[in-house]
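The first residue in the sequence is number 1, and the count goes up from there.
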Amino acid sequence: MWKKTGGNRDIKQENEALRDQAGADMMMLLTNWRKTRRRRRACRYCLCAALVCASLILGGMGYYNLYNQIPSVLRIKADMEQTIDLGVPLTGEMVAVSGQDESNIPAGAVHIDLSRQVTMKMGSDQSFQMNVKIFGILPFKQVGIQVIRDQELTPVGAPIGIYVKADGLLVVGVGDFQGVDGISYCPAKYAVKSGDYILQFNGEPVTDKKDFVRRVEECGGREITLRIRRGDEILDVGVQPVQNSEQKYKLGIWIRDNAQGVGTMTYIDGDGNFGALGHGINDVDTSTLMNLEDGTLYQTEIIAIKKGRDGEPGEMTGMIVYSPERILGDIYYNGKEGIFGHCNEKALAMGTEKALPIGLKQDIERGPAQILCTVDGTPKYYDVEITAVHLDHDNVNRGIELEVTDPELLALTGGIIQGMSGAPIIQNRHLIGAVTHVLVQDASRGYGIFIENMLEH
């Protein structure tokens with residue numbers, strides 16, 4: 001009996017242990033199920049968040065791309081029928097703007113389906129605005145429509161030597177020097193900075209680097225007042241010169257008063273004015289667009305060509321003789337669209353090609369085109385391919401993407417090289433733009449500016 005009772009007790013204990021174990025297992029299963037459920041819920045949330053982010057990114061990219069397919073400014077030739085084909089699923093409402101910026105077209109009277117080709121003809125005495133909308137309701141973008149006169153330009157494609165005089169002295173940088181006591185000084189460190197233009201020295205205009213250095217050295221250590229232009233601001237700053245180890249007074253400023261280089265003339269118009277480069281002349285150290293006081297074009301001969309390679313742009317080396325008999329004209333404007341000025345008789349003689357009508361950006365097609373440039377002594381047309389047209393690029397100098405396809409030019413230069421900036425781009429017997437930059441990773445490819453942008457300076 002004792003053994004039987006003990007056996008029952010053992011069985012009871014085993015049952016209780018089994019129940020406890022089952023309960024523990026059940027709790028473990030329940031805990032794991034809850035953890036799995038939480039993980040799955042977290043994964044769903046993460047997946048939903050990722051989908052939302054991806055949708056926002058794709059939507060933003062789509063919006064951006066669609067926005068850039070529509071130009072902020074659309075130029076139309078006066079009294080000529082022109083076809084506009086933007087191919088975007090939007091509508092535009094035309095508004096004619098009077099001198100008081102009030103529309104003289106009733107609201108909603110003229111709607112344009114921008115997904116289809118549109119033919120326009122406008123007079124030269126009005127300006128317009130097109131309000132682009134989504135579904136004809138939601139505002140999307142405003143497009144300024146400028147009516148311009150048609151004109152013909154003579155493409156040139158010849159090399160030119162360039163000399164420009166800065167309007168003031170460009171501050172390239174500031175630096176330390178050793179004083180007579182052996183200590184390093186930089187008096188101008190907190191007074192001026194790279195990109196400033198020094199306009200006056202103690203109230204007197206200054207435009208010559210050597211003259212500025214002489215005035216500092218002869219100041220006797222007295223504080224100097226400099227008038228500088230910093231962006232759109234005019235500031236007066238005081239600087240105390242310090243003697244260097246050679247007992248000459250210095251400010252610790254690196255300055256430049258001119259720039260020289262070689263480029264290509266793009267066109268000559270009917271009034272003897274020229275456009276060249278397709279981009280502005282920037283200081284090599286500060287990348288600042290140089291403020292121009294005056295400038296001169298000179299005849300130049302290309303004496304060497306360094307062939308471009310992927311990752312290493314090539315260049316043309318020109319010989320410039322700065323003598324009066326080699327002057328081609330005067331430069332009166334240096335801007336982001338290029339350099340512009342007036343030709344003399346020698347420069348006019350360079351325009352040997354037939355004048356061509358201008359082609360507006362909406363008329364440019366992807367496909368074959370030509371550039372006119374000089375790499376072997378005389379201007380010559382070379383084949384290129386227009387690979388992309390950006391109607392509203394945020395960089396005015398990169399509206400056109402092109403690739404050199406001409407075997408002869410590729411053999412001579414490897415593609416686009418420095419010094420070729422300004423080479424006119426021709427398509428369908430229209431002057432459409434000028435070469436501006438080379439793509440460093442691929443010397444055969446580069447960028448161009450629309451000719452209409454060069455003409456708006």
Side-chain angles (χ1 to χ4, degrees), residues 161-263 277 279-298 318 320 322 330-336 338-341 418 421:
I162 301 165
Y163 176 88
V164 293
K165 188 79 171 61
D167 182 16
L169 303 177
L170 174 64
V171 177
V172 177
V174 295
D176 296 340
F177 60 87
Q178 190 175 49
V180 291
D181 54 5
I183 299 175
S184 293
Y185 292 92
C186 184
K189 184 174 183 178
Y190 300 107
V192 300
K193 63 181 182 180
S194 176
D196 288 349
Y197 278 87
I198 301 173
L199 306 178
Q200 293 183 1
F201 181 106
N202 286 339
E204 297 182 5
V206 58
T207 58
D208 183 77
K209 177 180 176 180
K210 292 182 179 179
D211 180 54
F212 180 82
V213 172
R214 178 188 60 78
R215 291 191 193 187
V216 173
E217 292 178 348
E218 295 176 356
C219 72
R222 293 181 294 274
E223 182 179 85
I224 295 169
T225 299
L226 301 178
R227 174 160 291 182
I228 64 172
R229 180 172 56 243
R230 179 174 297 164
D232 296 329
E233 291 185 275
I234 302 295
L235 307 171
D236 288 325
V237 297
V239 187
Q240 186 74 48
V242 175
Q243 283 185 316
N244 66 4
S245 57
E246 299 176 355
Q247 296 186 342
K248 293 182 179 179
Y249 286 103
K250 301 291 180 181
L251 298 178
I253 304 177
W254 297 96
I255 56 177
R256 181 173 291 126
D257 60 5
N258 62 67
Q260 309 92 28
V262 174
L277 292 188
H279 61 72
I281 298 175
N282 296 320
D283 178 71
V284 294
D285 295 301
T286 65
S287 298
T288 302
L289 186 69
M290 293 197 70
N291 291 326
L292 182 69
E293 179 182 335
D294 57 56
T296 308
L297 283 190
Y298 289 89
I320 308 172
Y322 296 104
D330 299 319
I331 304 169
Y332 59 70
Y333 179 78
N334 174 42
K336 60 184 180 180
I339 60 171
F340 305 89
Q418 296 177 17
S421 294

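Annotation: the span from C219 atom SG to Q240 atom CD amounts to 8.0 Å, rounded to 0.5 Å. Atoms CG and CG, on D196 and L226 in that order, are 10.0 Å from each other to the nearest 0.5 Å. To the nearest 0.5 angstrom, D283 atom CG is 11.5 Å from N291 atom CG. Atoms OH and CG, on Y197 and L169 in that order, are 10.0 Å from each other to the nearest 0.5 Å. Atom CZ of R229 sits about 5.5 Å away from atom CD1 of I234, to the nearest 0.5 Å. Atoms CG and CD1, on L297 and I162 in that order, are 6.5 Å from each other to the nearest 0.5 Å.
Inter-residue side-chain proximity for F177 and P187 is flagged as met; some heavy-atom pair is nearer than 4.5 Å. Contact check for Q243 versus K250: no side-chain heavy atoms found under the 4.5 Å cut-off. Within the 4.5 Å cutoff, no side-chain heavy atoms of D294 are placed close to those of D330.
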Margin query: With side chain to side chain contact (heavy atoms under 4.5 Å, CB included) as the criterion, how do T296 and Y322 come out once you've worked through the C-alpha distance, each side chain's angles and the decisive distance to 0.1 Å?
Written below: CA-CA 9 Å; T296 308; Y322 296 104; over 6 Å; no
**OP:** Start with the C-alpha distance between N202 and R215, add both sets of side-chain angles, then the distance that settles side chain to side chain contact (heavy atoms under 4.5 Å, CB included), and finish with yes or no.
**Re:** CA-CA 10 Å; N202 286 339; R215 291 191 193 187; over 6 Å; no
Walk me through whether D167 and M290 qualify under side chain to side chain contact (heavy atoms under 4.5 Å, CB included). CA-CA 8 Å; D167 182 16; M290 293 197 70; over 6 Å; no
Run the side chain to side chain contact (heavy atoms under 4.5 Å, CB included) check on D257 and K165 step by step: do they pass?
CA-CA 6 Å; D257 60 5; K165 188 79 171 61; 3.8 Å; yes
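Taking each heavy atom of E293 and T207 in turn, the nearest pair found is OE1-CG2, 3.5 Å. Considering all non-hydrogen atoms of both residues, H279 and S421 come closest at NE2-OG, 3.1 Å. The two residues S194 and G173 make their nearest non-hydrogen contact at CB-CA, 4.5 Å. Counting all heavy atoms, side chain and backbone alike, V174 lies closest to A188 at CG1-O, 4.1 Å. The two atoms that bring T288 and G195 nearest to each other are OG1-CA, 3.9 Å, heavy atoms only. Residues V239 and A191 approach most closely at CG2-CB, 3.7 Å, considering heavy atoms.
Remark: of the listed residues N334, I281, N258, I281 is the sole one forming a side chain to side chain contact (heavy atoms under 4.5 Å, CB included) with V164.
Aromatic ring centres of F212 and F201: separated by under 6.0 Å.
Using a 4.0 Å cut-off between a side-chain N of Lys or Arg and a carboxylate O of Asp or Glu, R214 and D211 qualify as a salt bridge.
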